[in-house]
J.: 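Once you've had a glance at the structure underneath, I'll fire off some questions.
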Amino acid sequence: MSQIIWDGLFVGSFYALIALGYSMVYGIIKLLNFAHGDLYMLGAFIGFAVLASFGGLATSLGLFALIIVMMLSMVITGTVGVVIERLAYRPLRGAPRLAVLITAVGASFTLEYGIAAIAGPNPRGFPIRLTGDVFLVLGARVTLPQIVLMIIAGLLMIALDTYIRRTSTGRAMRAISLDMKGALLMGVNVNAVISRTFFIGSALAGAAGVMAGAYYGKIDFLMGFIIGLKAFTAAVIGGIGNIRGAMLGGLVLGLIEAFGSELVGGQWRDAFAFAVLILFLTLRPTGILGERVTERV
Amino acid sequence: MSENTDTTLAPPAPPKKNTLGARITAIFENKYIGWPALGIALVMPFITASAYSLNVMTTALIFVVLAAGLNIVVGYCGLLDLGYIAFLAVGAYTAGILSKMFELPVLFTLPAVIVMTVLAGLLIGAPTLRLRSDYLAIVTLGFGEITRITANNLQVTGGPSGIFGIPSFLTIGELDLQQPVIFYYITVLIVAGLVLAAARLGKSRLGRAWRYVKEDEDAAEAMGIHTYKVKLLAYIFGAVWGGFAGILFASHLSAVSPQSFLFLQSALVLMAVVLGGMGNMKGVVIGALVISLLPELLRDFAEYRYLVFGVLLVVVMVFRPQGFWPARGHEPERKMTAVDAAVAEGRSR
């Protein structure tokens, strides 16, 4: 029982980390960034490339090297996120929803198969595998890497939450999400702030990618697709556009999944998660922490 | 126009009639363009009838049905469905399972397939069609994945290896309609009928309601259109088209497996609709043919083709948000009056 809860919380913290970016982007420009899951994949591949090129040196340093690589990967995925926004989403800011959604699907495709073309379509083994001592906490098997990764995820989330609540950029983001034109008239540089939002969201996804690669040990170019869906589900459960909601939603989804796969079998885990999504959307589209939004003007 | 004896009106002269572009447009906007297209499809086996080319052409035609079905949902009604391939799966699995279980020709599973796809359309549409468009997109994506995972894990669908050895399409005495050439012709006729039906549907009263919902849902609601019902109907029609494609698919390959129903496939069908021009059935047919035939012609670029498709989706949307060849004004029959011509030429009367 406590094993299930622990596993759920661990997977959930990954979901939460990716859901944050999803939720931020959605909150600010109401765009479903389908490419977000693929930025997670990109992060894993960048981590892989860096570690593979440094070879033995990096593997001997272990966790420390991993954190450096993670930061590097965050910078690159963040930049890629900004570039995607600039090239694919910004020209369509006033366009019909349908066009923007299709663009997002195209961007996701481009990333997936771009990586497949560069790195090859076969799964790769990650050079660093995190292994560590196993503790027994309340009857659950807890490994050291799990704890470290959860702490990293937690720190990133807290940092982001503080950033959005305490800084002027964070205030600008909240202003844009409430009323883009109004923010513009009040002197907010809307494009710059949106770029920054994409940077942060994508960087978090990249960090999650490196962490997942190091933890699971295997990466492939389609790994972002399912996790992107899951992250969206988490964001919806928590109330999309709401940062704390995304964290909560990630943990809740992790728990739901853990219990679900215990209940109906592991092969149905993903189906179970999406069923929860559909149920949630039909019953409470605004999520746990979401406010009721007036859809139409 | 020479019959126009009213001397107060100048003969209608649409501007820029003689440019090449306008002529090509005129050809494509022609009402009877479908007949030559059908003719080409019927003549093709006389030009090339190798097993390979027949296979490729039949596959392309099945893809056309899918694109026509998705065009009803996305192009006409403006509902983004990212799990459309699920309907192909429902159709193909229903046809495969029933015909194998009862040793029936695949054709006889048609009623069951229609019932099943309508049910699938209702099942997906009913709870979700009240959602906002982007939520709908992700929910359909989830449904597509659920369908695939279900097919992958159930006993009756044969699990990951799927169903194979599906009986022939129909056998009449000595004549086996499963033979590639005959099956190709059957496919041509069915596809032509379905494309025509979809195009007619777009011009019907319901089709106009769909377009209205696409343009402005609130206004449509205010004008007395039951938007939920109309959207659900679009979904169901799309599902049935997918089911027809499923029958042809199951019969053509005589095997069905979950691998055929990846998100990739949904995205490709969407790509065909977008590339062809959302809402324009002629364009969608061409888009579907391009999407399914181009990879065959560009075998060397096979590794990069999905990358190219992805970039193309973005580029088309950025530069032409309505699609590459969008539906034109909804009243093509309307002739230009003298007043319009004068206004177009910028002279005052």
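Side chains are part of it too, since the values below use all heavy atoms of this structure and drop only hydrogens, waters and symmetry mates. Because the structure is a prediction, the values reported are computed rather than measured. In what follows, chains are A, B, ... by sequence order, proteins preceding strands, each numbered from 1.
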J.: Give me the atom names and distance for the closest heavy-atom approach of Ala88(A) to Val314(B).
T.: CB-CG1, 3.7 Å

J.: Distance check, rounded to the nearest 0.5 Å: Phe280(A) atom CZ versus Tyr135(B) atom OH?
T.: 11.0 Å

J.: Check each atom of Val74(B) against the heavy atoms of chain A and say whether the ones under 4.5 Å are side chain, backbone, both or neither.
T.: both

J.: Which atoms of Phe272(A) are under 4.5 Å from chain B, going by heavy atoms: the side chain, the backbone, both sets, or neither?
T.: neither

J.: Highest number of heavy-atom pairs under 4.5 Å with chain B: which of Val105(A), Val236(A), Leu281(A)?
T.: Leu281(A)

J.: What are the two closest heavy atoms between Ala137(B) and Leu101(A), and how far apart are they?
T.: CB-CD1, 4.1 Å

J.: Measure distances from Thr150(B) to the heavy atoms of chain A and classify the residue's part below 4.5 Å as side chain, backbone, both or neither.
T.: both

J.: Search all heavy atoms of Tyr113(A) against all heavy atoms of Leu307(B) and return the closest pair with its distance.
T.: CB-N, 3.6 Å

J.: Could you state the interatomic distance from CG (Leu141(B)) to CZ (Phe34(A)), rounded to the nearest 0.5 Å?
T.: 5.5 Å

J.: Is it the backbone or the side chain of Tyr26(A) that comes under 4.5 Å from a heavy atom of chain B, or both, or neither?
T.: side chain

J.: In terms of heavy-atom proximity below 4.5 Å to chain A, should Val274(B) be classed as side chain, backbone, both, or neither?
T.: side chain

J.: What part of Leu80(B) gets within 4.5 angstrom of chain A, counting heavy atoms only: side chain, backbone, both, or neither?
T.: both

J.: Using the ring of each side chain (for Trp, its six-membered ring), is Phe263(B) parallel, tilted or perpendicular to Phe225(A), with breaks at 30° and 60°?
T.: parallel

J.: Is atom CE of Met116(B) surrounded by more than 12 heavy atoms (other residues, nucleotides or ligands) closer than 6.0 Å?
T.: no

J.: Go through the steps to decide whether Met278(B) and Leu98(A) satisfy the test side-chain contact (heavy atoms from CB on, under 4.5 Å), and finish with yes or no.
T.: CA-CA 11 Å; Met278(B) 287 179 276; Leu98(A) 191 62; 3.7 Å; yes

J.: Minimum heavy-atom separation for Val318(B) to Pro91(A), with atom names?
T.: CG1-CB, 3.8 Å

J.: Chain B heavy atoms under 4.5 Å from Leu87(A): which part of the residue, side chain, backbone, both or neither?
T.: backbone

J.: Within a radius of less than 6.0 Å around CZ of Arg86(A), do more than 12 heavy atoms belonging to other residues, nucleotides or ligands occur?
T.: no

J.: Do side-chain atoms of Asn153(B) reach the backbone of Gln267(A) as a donor and acceptor pair under 3.5 angstrom?
T.: yes

J.: Centroid-to-centroid, Phe143(B) to Phe274(A), below 6.0 Å?
T.: no

J.: Once you round to the nearest 0.5 Å, how far does OG1 of Thr233(A) lie from CD1 of Ile138(B)?
T.: 7.0 Å

J.: Would you mind checking which part of Leu32(A) comes under 4.5 Å of any heavy atom in chain B, side chain (CB onward), backbone (N, CA, C, O), both or neither?
T.: side chain

J.: Most heavy-atom pairs under 4.5 angstrom with chain B, which of Ala95(A), Gly114(A), Ala104(A)?
T.: Gly114(A)

J.: Of all heavy-atom pairs between Thr128(B) and Thr282(A), which one has the smallest distance, and what is that distance?
T.: N-CG2, 4.5 Å

J.: Quick check for you: to the nearest 0.5 Å, what is the distance between Met317(B) atom CE and Leu92(A) atom CG?
T.: 8.0 Å

J.: Taking atom CD1 of Ile146(B) and atom CG of Asp270(A), what is their separation to the nearest 0.5 Å?
T.: 10.0 Å

J.: Do you know which of Leu31(A), Ile226(A), Ile102(A) has the most heavy-atom pairs under 4.5 Å to chain B?
T.: Ile102(A)

J.: side-chain contact (heavy atoms from CB on, under 4.5 Å) for Glu145(B) and Leu229(A)? Distances and angles first, verdict last.
T.: CA-CA 10 Å; Glu145(B) 283 300 296; Leu229(A) 262 174; 4.1 Å; yes

J.: Given the rule in the side-chain contact (heavy atoms from CB on, under 4.5 Å) test, do Phe109(A) and Leu264(B) qualify, once you have shown the distances and angles that lead to the verdict?
T.: CA-CA 9 Å; Phe109(A) 246 61; Leu264(B) 179 71; 3.3 Å; yes

